[in-house]
Every structure is written in C-alpha cells, then in structure tokens.
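Below is one structure, written out as structure tokens; comments come after it.
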Amino acid sequence: MTIPMDTGLSDTRPTRILAIETSCDETAAAVIDNGRYIRSNVIASQIELHQQYGGVFPEMASRAHIEAIATVIQRATHDAGATWESIDAVGVTKGPGLPGSLVVGVNAAKGICLARDLPLIGVNHLEGHIYSHWLEDAPITRLGEQPFPLLALIVSGGHTELVVVRDHGQYELIGNTVDDAAGEAFDKVARMLGLGYPGGPAIETAARSGNPTRFKLSRPRMDKPYNFSFSGAKTAVLYALRKFGGAADATHGVSPRVPVADIAASFQESVVDWLAEKTVRAAEAYDVKGIVVGGGVSANQALRERLTAIAGARSARSFTVLFPPLALCTDNAAMIGAAAHYAYLRGARDQLDMDVLPDLKIG
Ligand code: KG4
Ligand code: ZN
C-alpha cells in the first residue's frame, strides 16, 4: 500500500486510528487509516429522542450515549474489519461539548487504551470539523501541497468561529459569536416558527418558497471586526411574529396569518450573507490560501452558494472555498480520527487521567 499525502511515515503499514465522538447528541465511532481513509464511520443519532423536547436535553443525551457507545464502537471495528492488533491509537473528543456526553466517549476510549495498552489522543471537536477536509478524496489538496495559512469557518449548533490555521495543530482564533451560535439561532428561530428540530434543515426548506428581502434584519456593530451576534436576528423574528399575531413559542403552531416562508427566508438571508461577507473579508486580511467550512450549518445550500460567489468575485483576488460532503458536515467520528492522526504524528499523547474540557477553545 502506498502512503498518501503528508503522513510523514516511512514504513508501508498505514497508521490506524479508532476514533470516538460523543460531544453532543451523536454517538459516533470510526476507523481511519492514515488520517484519510474512512474504513468505517458509524453514527447513532439521538435526533428522534430530542425532537420531542425541541432541542438537546443534556441528561438524556448522556444516558443515550451510555446505551449506544459499546455497540457503536463494536460496529465500527467490525465494519472496518479491524482487529484490535491493527489499531495504533485511540482518538476521542475531549471538548468542547456537554460534560455528561463527553465523559461517555472519553471513558470508553480510556477503557480501550487501558486494556490494549494503546496511546490515548484527546481531540478538540472544532479541530475535528477542520480536519473533515483531509478525509477521503481530501478536498484540501485542491489548495496545493501546502494549504497553510488557511481560514476555517466553523458553524454549528454550538459554534461560530473564524480560525486561521497556520499549520497542522496551530490555530489563531480571530472571530467568534458574542451570543448565540449560528446553528443555535437557526434552531431557536425554527422553534419560534413552529418548524421543529433540528431547525437548520427546516428553515432551509421553508425558505425555498419565501421572499428573502421581505424583512430586513439589522446587524449589530461589533467591537471586533470578525465577531458575530445572532440574538438581534432572533429578536427581529420575534417582532415579525408578533406583528402577524403569531405565538412567541409555537409549540401549538403559529397563526396561519404568519408568513413563515418569508420570515425563514429573510432570517436565512441575513445570517448567510453576514457569515459569507465577514469570512471573505478575513480571508483577504490574513492573506490565506483558501477557506474551509465545517459544522452542521455548512450543510446549508444558501451559505455554500453565497460564500462561493462572494469569495470568487473579489476584485483583488479570489479564494477557493471548500465544503465537506454533507455526511461529514454534522458531527461524526471520522473527522476526529483525521485530527487525531496528525496529532499522533506530532507525538501528542494524553494520560489516562485526562479530564473532559466542556469549554475548550481553539487558538
Ligand atoms: O455540527 P453539528 O452536527 O453539531 C454541533 O456541533 O453543534 O451542527 C448541528 C447544527 C444544528 O444547529 C442544526 O440546526 C444546524 O447544525 N444545521 C443547519 C443545517 N443542517 C444542520 N443549519 C442550517 N442549514 C442546514 N441545512
Ligand atoms: Zn460539531
């Protein structure tokens, strides 16, 4: 077997990582060879469980992880045809995330490392989203042999971060949300409009038949140039709802007079345009080689189109924008395996007393 890009290995046996991810509401395990090849990628979603509450219920998430974790890991090794002897290290998300969810994955990883005398590698979940671009057909190679510096936009249910990636494992956080995360805003607005959970896909679908210019959502001025704030957009949606006699929390559905599609489209337009505009401005300021996007919101088609259009239409220079395949946008263990692989090559190792880091930052 030949060794693919950038592994730094001289022998011919691939480095094999068993990766585990339980930071939020997906119980996931994967077997990844050389930080790139997905031998298995198992995800047990808790969406149905949380749908009845309109969001993730931490205590229930933790318990659902406990029930699923062993089966998910067994299935990942089985699907990959991987023996325990073939695994070189175990990578696991150590944070950020829900504490009660993170501990389930971390303890499972520790148990395996203890029993098999394997190295433990704690991975930052945000780093995982960035490394989704190194998987399979490795879209990152479109930026050339050396893709750094790179700009990463991470947009998910818990995060809205702009990160300059200077090299493998070297990050500089340049922008963040000061209140809600982008995906969280999608989820809250969807709930207000009676569109269900998760909100992102529901808003995207509703927005297709709506008029994105009907409502103007103002954008607050930020102290730092690459920061975001989404609570104002949420409040604007609330006022629009009130104007049409809709309920603030629409568990019983909104009034038929509420123009749900127009509100959804206007909200999405506002969020997507702001994300795209700031991201491209940051790419120019930091003179990066390209832009990678990750996290659940990167599945949004309107964001994909707008960001690609703005990044390609700058007068000074254009930027290549990469999005992961849809299945790798939302939480998965394959991306944790890719990140763990490069950490493994750098010699990163964690001890068996490693704690979870629910508020872990990047950069
Ligand atoms: O990355 P992810 O699976 O979990 C976190 O780490 O948070 O992201 C989930 C988030 C949810 O808020 C969901 O509403 C949002 O991603 N999302 C979307 C879309 N698909 C998922 N937001 C906008 N448009 C979508 N198509
Ligand atoms: Zn995530």
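All values reported here derive from a predicted model rather than from experimental measurement. Both ligands and their constituent atoms are indexed starting at 1 by order of listing.
Within a 6.0 Å sphere centred on CZ of Arg349, heavy atoms belonging to other residues, nucleotides or ligands number more than 12. Summarising the local packing, CZ of Arg75 is surrounded by 12 or fewer heavy atoms from other residues, nucleotides or ligands at distances under 6.0 Å. Counted within 6.0 Å of CZ on Arg304, heavy atoms from surrounding residues, nucleotides or ligands total more than 12; the atom is thus considered enclosed.
Ser270 is not listed as a side-chain neighbour of Phe215, based on a closest heavy-atom distance of 4.5 Å or more. With contacts defined as side-chain heavy-atom distances shorter than 4.5 Å, the pair Tyr171/Val164 does not qualify. Using a 4.5 Å heavy-atom threshold, the side chains of Gln146 and Lys289 count as touching.
At a heavy-atom distance under 4.0 Å, only side-chain atoms of Asp187, from C-beta outward, approach ligand 1. Under 4.0 Å from ligand 1, the heavy atoms of His129 that appear belong solely to its side chain. The part of His125 lying near ligand 1 is the side chain, judged by heavy-atom distances below 4.0 Å.
Backbone or side-chain N, O or S atoms of His125 reach the Zn ion (ligand 2) at under 2.8 Å. The Zn ion (ligand 2) lies at 2.8 Å or more from every N, O or S atom belonging to Cys24.
Residue, atom and distance of the protein heavy atom nearest to atom 24 (N) of ligand 1 are Asn300 ND2, 3.0 Å. Among all non-hydrogen protein atoms, the one lying nearest atom 22 (N) of ligand 1 is Gly200 CA, 3.2 Å. For atom 21 (C) of ligand 1, the closest non-hydrogen atom on the protein side is Gly296 O, 3.4 Å. Counting only heavy atoms of the protein, atom 4 (O) of ligand 1 lies nearest to Asp331 OD2, 3.1 Å.
Listed by number with element, the atoms of ligand 1 under 4.0 Å from a non-hydrogen atom of Gly158 are 7 (O). For ligand 1 and Thr330, the ligand atoms under 4.0 Å from any heavy atom of the residue are 3 (O). Close contacts between ligand 1 and Glu204 involve ligand atoms 24 (N), 25 (C), 26 (N) [criterion: under 4.0 Å to a heavy atom].
At least one heavy atom of Gly199 sits less than 4.0 Å from an atom of ligand 1.
For atom 10 (C) of ligand 1, the choice among Ser45, Gly157, Gly183 with the nearest heavy atom turns out to be Gly157.
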Item checked: Verdict with supporting geometry, His125 and Asp331, side chain to side chain donor-acceptor pair (under 3.5 Å) -> CA-CA 9 Å; His125 179 85; Asp331 290 349; 3.1 Å; yes
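In this structure, CG on Asp287 lies 5.5 Å from CZ on Arg317, to the nearest 0.5 angstrom. Annotation: the span from Ile112 atom CD1 to Ile73 atom CD1 amounts to 4.0 Å, rounded to 0.5 Å.
For ligand 1, the polar-atom distance check finds no N/O of Glu26 at less than 3.5 Å from any of the ligand's N/O atoms.
In this structure, the ring of His168 has its center less than 6.0 angstrom from the ring center of Phe148. For Phe230 and Phe186, the gap between ring centers reaches or exceeds 6.0 Å.
Of all N/O/S atoms in Asp331, OD1 sits nearest the Zn ion (ligand 2). Atom NE2 is the N/O/S atom of His129 found closest to the Zn ion (ligand 2).
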